[in-house]
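For the single chain, residues carry numbers from 1 onward in sequence order.
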Amino acid sequence: MKTAKKIGLFGFGTVGKGFYENLKKHPHLPAKIEKVCVKRLDLPRIGHELYFTNNPDELLEDPNLDIIVELIDDAEAAKVFVEKALNNGKAVISANKKMIGESLAEIDLWHQAFQPNFLYEAAVGGGIPIVHAIDGFFRDQDITQIRGILNGSSNYILTQMQQQNWSYEQALKDAQKKGFAERNPSLDVSGMDAAYKLSILAYHAFGQVPSMKSFEIESIEDVTSDDIKKAKSKRRKIKPIATLVKGSDGISCAIKPEAVGPNDEFYSVDFENNAVSVETLVSGRHVAVGKGAGSLPTGSSVLEDLKRLLQGYSYQVSKRVKTVA
Ligand code: HSE
């Protein structure tokens, strides 16, 4: 019997609890949460058997911990914790798309410098295993385009406005209540959350990161009930579409609400579901659909990363262009 790897978990919010619940359902896995670091120790919590602290160094400096799972929503603090954990020889899993999307040039150096590994499947597409697919399965294929619905909250809001005639505000409130939206929901609705995710996909698909300044980004806040009705009258739905295209003059990235018809691959992708289609020169178009936000789906992606870590898996970034910038 293998010795169980010891996990230090940062954050016990929506995704942290989802990871904890998913892990509990797999008692055979040789991994155990030893310590949890949270901001507030006074809140009532599930997981009474767990040890909680509010001192990050109790985890980061503990030589007995093998793996750090970082699931907090503060991108700056997350970066400090992840880097320190890697420097201290720990494997790391994160779901922090803002931190990862903003720091890919450094993260590329971390991938080359550190062993054990740093994985972040849950940062993109919730429960859809798209980072793993692009970095692994599509490693030797030329990807020409990636198209996706990468923000569950925006898709949920537009779906409820279309199906229930809800106002934008009512739909946003519900997305927050269900745990889909970020603590700062402007990241979701402005398109920034999807932009971070698209950057992560660009890094693994093309080995380079287009400057965020070159992104064409449009918020869903400007979509009115009238726009939704007009689209509906033409049998169309407005969807938050992210597009990444590799052309002869470079990579172009866009995130904007688009009216799509019944023949579009994303027409039936409603509520908090996400979808990603990957187009390659050799094998054509591949489409994956699944829950893109929420506690258990996102927590299940974190669990998949844990299983991969236990098998010694690491990202290859095989298309790495010499300097990622
Ligand atoms: N707020 C994010 C979303 C959560 O709505 O997609 C998953 O990354």
Side-chain angles (χ1 to χ4, degrees), residues 1-12 15-16 19-20 22-23 26 28-39 47 50-124 129 131-132 135-136 200 203-204 207 209 298-299 301-318 320 323-324:
M1 168 112 172
K2 280 188 196 160
T3 331
K5 297 283 183 198
K6 296 187 173 76
I7 299 171
L9 172 62
F10 278 91
F12 208 64
V15 185
F19 168 59
Y20 163 77
N22 274 292
L23 182 60
H26 294 82
H28 60 282
L29 272 183
K32 185 176 176 293
I33 301 174
E34 282 290 311
K35 293 179 179 176
V36 186
C37 182
V38 289
K39 248 200 259 174
L50 298 173
Y51 172 79
F52 286 91
T53 174
N54 58 4
N55 176 4
D57 282 340
E58 265 201 61
L59 280 62
L60 298 168
E61 302 289 354
D62 182 345
N64 293 313
L65 296 184
D66 307 286
I67 300 170
I68 293 294
V69 178
E70 178 283 303
L71 304 173
I72 63 174
D73 69 354
D74 175 342
E76 273 173 42
K79 190 170 173 188
V80 173
F81 298 157
V82 168
E83 190 168 15
K84 195 162 179 183
L86 289 168
N87 269 310
N88 285 351
K90 302 182 190 312
V92 178
I93 297 168
S94 170
N96 203 310
K97 52 271 163 111
K98 182 171 192 293
M99 181 271 285
I100 298 163
E102 283 177 336
S103 314
L104 282 161
E106 266 170 89
I107 286 168
D108 188 57
L109 298 176
W110 296 352
H111 282 319
Q112 296 175 74
F114 293 115
Q115 228 9 275
N117 311 313
F118 176 35
L119 303 180
Y120 37 79
E121 183 62 68
V124 186
V131 180
H132 180 59
D135 195 85
I200 298 171
Y203 166 63
H204 287 275
V209 186
T298 314
S301 252
V302 179
L303 184 73
E304 290 309 315
D305 269 351
L306 175 64
K307 290 189 203 161
R308 287 185 200 112
L309 271 187
L310 295 173
Q311 291 161 3
Y313 177 87
S314 60
Y315 294 136
Q316 298 301 303
V317 201
S318 59
R320 178 180 285 117
T323 321
V324 174

Got a donor-acceptor contact below 3.5 angstrom from the D135 side chain to the Y315 backbone? no

Open item on the list: If you apply the rule salt bridge (Lys or Arg N to Asp or Glu O under 4.0 Å), what do you find for K98 with E102, and how did you get there?
Closed with: CA-CA 6 Å; K98 182 171 192 293; E102 283 177 336; 3.3 Å; yes

Which of D66, V92, L119 passes side chain to side chain contact (heavy atoms under 4.5 Å, CB included) with L309? It is L119

Side chain proximity check, Y20 to V36, heavy atoms < 4.5 angstrom: no

dist E76:CD -> S103:OG (nearest 0.5 Å) comes out at 10.0 Å

* Asked: Do D57 and K84 come close enough that some side-chain heavy atom pair is under 4.5 Å?
  -> yes

Open item on the list: Quick check: do E304 and P129 have side-chain heavy atoms less than 4.5 Å from each other?
Closed with: no

message: A side-chain contact here means heavy atoms from C-beta on lying under 4.5 Å apart; do N22 and V302 qualify?
response: no

#### Entry: Ring geometry between Y203 and H111 (parallel below 30°, tilted from 30 to 60°, perpendicular above 60°)
parallel

- prompt: Counting only heavy atoms not in K39, do more than 12 sit closer than 6.0 Å to its NZ atom?
  reply: no

Rounding to 0.5 Å, atoms CG (D73) and CG (N96) come to a distance of 8.0 Å

Side chains of E61 and N88 in contact at under 4.5 Å (non-hydrogen atoms) | yes

From the list I93, I7, T298, side chain to side chain contact (heavy atoms under 4.5 Å, CB included) with F19 holds only for I7

Nearest heavy-atom approach of E121 to S301 is CG-OG, 3.7 Å

message: Donor-acceptor check, side chain of D62 to backbone of N64, threshold 3.5 angstrom: yes or no?
response: yes

Closest non-hydrogen atoms of A85 and L60, given as atom of the first, atom of the second and distance, are CB-CD2, 3.8 Å

The reported gap from CD1 in I100 to CD in E106 (rounded to nearest 0.5 angstrom) is 12.5 Å

Rounded to the nearest 0.5 angstrom, the CZ-CD1 distance for F114 and I107 is 11.5 Å

For A78 and I72 the tightest heavy-atom approach is N-CD1, 3.7 Å

Taking every heavy atom of L71 against every heavy atom of A95, the minimum-distance pair comes out as CD2-CB, 3.6 Å

CD1 of I68 to CG of L59, rounded to nearest 0.5 Å, is 5.0 Å

I'd like to know if the side chain of D108 reaches the main chain of L104, judged simply by a donor and an acceptor atom lying under 3.5 Å from each other, with no hydrogens or angles considered. no

| query | Is any side-chain heavy atom of L29 closer than 4.5 Å to a side-chain heavy atom of L310? | reply | yes

So do E34 and Y51 actually touch side chain to side chain, heavy atoms under 4.5 Å? no

Across all chains, not counting sequence neighbours, the ring-ring contact (aromatic ring centres under 6.0 Å, His included) partners of F10 are F81

Rounded to the nearest 0.5 angstrom, the CD-CZ distance for E83 and F118 is 10.5 Å

Q.
Between K35 and E58 (side chain of the first, backbone of the second, donor and acceptor by atom type, cut-off under 3.5 Å), is there such a pair?
A. yes

